[in-house]
Number of protein chains: 2
Amino acid sequence: MSTSEPTDRYHHGDLKRALVEAALEMLVEGGAEAVGMRELARRVGVSAAAPYRHFRDKQALIQAVAAVGFERFHEAVEGARDGVPEDEQFGAMAEAYVKFALAHPRLYRLMFSAELGQFGDPDLRRAADAAYGSLALAAAKEDPERPGEAAISAWAFVHGLSMLLLDGQLLGVSIDNADPLVRALTRRAAQRIRTTHPA
Amino acid sequence: MSTSEPTDRYHHGDLKRALVEAALEMLVEGGAEAVGMRELARRVGVSAAAPYRHFRDKQALIQAVAAVGFERFHEAVEGARDGVPEDEQFGAMAEAYVKFALAHPRLYRLMFSAELGQFGDPDLRRAADAAYGSLALAAAKEDPERPGEAAISAWAFVHGLSMLLLDGQLLGVSIDNADPLVRALTRRAAQRIRTTHPA
DNA sequence: ACCTGAACACCGTTCAAGT
DNA sequence: ACCTGAACACCGTTCAAGT
């Protein structure tokens with residue numbers, strides 16, 4: 001019962017947001033390949049040229065989608081720390097990292113695809129750095145002697161594991177039954193750092 | 001001075017090979033985005049429809065390109081073992097793995113991109129498995145108690161590290177100056193496995 | 001058996017013109 | 001200020017027809 005007309009007409013400032021939302025839907029449904037500017041405009045009920053008032057080109061639109069991906073990603077990894085004893089936080093965050101990738105395969109892929117063009121967009125860069133920061137900090141805590149190396153190794157491990165699982169490269173392990181393996185490997189990775197460099 | 005006309009005319013059986021070669025060139029020059037069926041046909045000097053006699057569709061062509069990528073990859077990783085004492089082989093192969101990715105960024109990306117469609121093509125699957133097999137075996141040797149876990153962890157680590165470097169995600173580290181870091185991290189990963197589970 | 005020409009149904013992007 | 005209509009230069013793919 002509000003005064004604003006609902007669905008149609010994006011002549012206010014919502015077209016930009018609506019485009020990103022629709023792009024996220026298209027991504028989830030058909031992968032990055034399926035996200036097209038014309039089809040996007042069609043979905044939102046606008047002319048093919050309209051999106052270009054809000055995004056310079058397709059890459060800019062994709063970057064915006066990736067940025068919201070990193071925000072959600074950040075929340076997921078950060079949230080995994082709540083109520084967890086400090087010495088188990090790294091393992092919990094690593095597990096949450098991989099589980100996010102498994103839960104949002106196409107979005108995760110997009111976040112690390114070449115289409116983003118070296119993360120030139122500052123918003124995207126910020127969102128990505130924030131997401132990584134959480135895990136890097138936890139990893140650095142585990143290995144105070146070589147904080148940089150520990151963070152990179154940990155990040156490489158969870159990212160690589162995520163990708164291999166998404167690609168279906170691990171024989172007998174699919175997205176649906178990966179949880180036990182993910183749990184075991186992330187905990188073991190945490191333990192490994194600690195054992196190598198005990199406090 | 002041979003009897004066969006050189007450049008033109010692929011009416012024998014070479015069109016298929018010529019297409020894959022040209023696609024590899026286009027990939028190196030402009031990335032996966034730049035590989036198009038029409039442009040490909042143009043380069044090889046053939047009609048736009050001709051490639052479809054040899055590849056069902058674009059995905060099949062891309063899969064063929066990825067397969068030769070995995071073959072070269074396999075050789076590089078396997079070759080890194082030559083003349084290296086057995087207890088240093090894993091580290092050497094891990095380093096070679098990452099260095100291959102850094103030396104052939106677009107090819108490596110393609111090999112792990114979603115365009116390949118779950119590695120349905122048997123040739124591609126074989127080529128990929130052979131490449132992974134080398135490293136997995138070396139990793140399993142390092143940790144005989146949990147060969148599967150060790151192999152997956154090692155592979156995840158090198159793959160993740162490669163991707164992060166290609167994406168330029170590591171602050172201050174670019175493809176050109178990554179060598180020392182790559183060497184340090186791969187050697188440390190090898191050491192970590194050994195220390196955690198000494199023979 | 002292998003390739004061409006022409007066509008179909010799309011793209012991303014631009015730009016004058018509308019409101 | 002924001003959007004439309006129409007156009008430009010492309011795509012991937014198919015299919016009858018040529019040799």
Is the phosphate of D/dC3 approached by A/His54 (side-chain N or O, under 4.0 Å from OP1 or OP2)? yes
Electrostatic pair A/Glu86:A/Lys141 at N-O distance under 4.0 angstrom: yes
Tell me if the centroids of the rings in B/Phe73 and B/Phe100 come within less than 6.0 Å of each other. yes
Taking 4.0 Å as the cut-off, does a side-chain nitrogen or oxygen of A/Arg42 come that near to OP1 or OP2 on C/dC11? yes
Is B/Arg126 salt-bridged to B/Asp123, going by a charged N under 4.0 Å from an acidic O? yes
Interatomic distance, B/Met26 CE vs D/dC11 C1' [rounded to whole Å]: 12 Å
Give the rounded distance in Å between these two atoms: CZ of B/Arg38 and C1' of C/dT4. 13 Å
Tell me the partner of D/dC10, counting only Watson-Crick (N1-N3 plus N6-O4 or O6-N4) or G-U wobble (N1-O2 and O6-N3) with both under 3.5 Å; none if nothing fits. none
What nucleotide, of D/dT14, C/dC15, D/dC3, holds the atom closest to the side chain of B/Tyr52? D/dT14
Let me know the distance between NZ of B/Lys58 and P of D/dT13, rounded to the nearest Å. 8 Å
Report yes if the distance between the aromatic ring centroids of B/His159 and B/Phe112 is under 6.0 Å, otherwise no. yes
Which of the following nucleotides, C/dC3, D/dG12, C/dG12, is nearest to the side chain of B/Ser47? C/dC3
Nearest-Å distance, CZ (A/Arg56) to P (C/dT13)? 11 Å
Between D/dT13, D/dC3, C/dC3, which nucleotide gets closest to the side-chain atoms of A/Ala50? D/dC3
A/Arg53 CZ - C/dG12 C1' separation (whole Å): 15 Å
Take atom CZ of B/Phe55 and atom P of D/dT13, then tell me their distance rounded to the nearest Å. 13 Å
Proximal nucleotide (of D/dC15, D/dT4, D/dG12) relative to the B/Ala49 side chain: D/dC15
B/Leu40 CG to D/dC11 P, straight-line distance once rounded to whole Å: 11 Å
Any strand: nucleotide that pairs with C/dT4 via Watson-Crick or wobble, under 3.5 Å: D/dA16
Side-chain donor-acceptor pair under 3.5 Å between A/Tyr97 and A/Tyr108, yes or no? yes
Can you tell me how far P of C/dC2 sits from CZ of B/Arg17, to the nearest Å? 14 Å
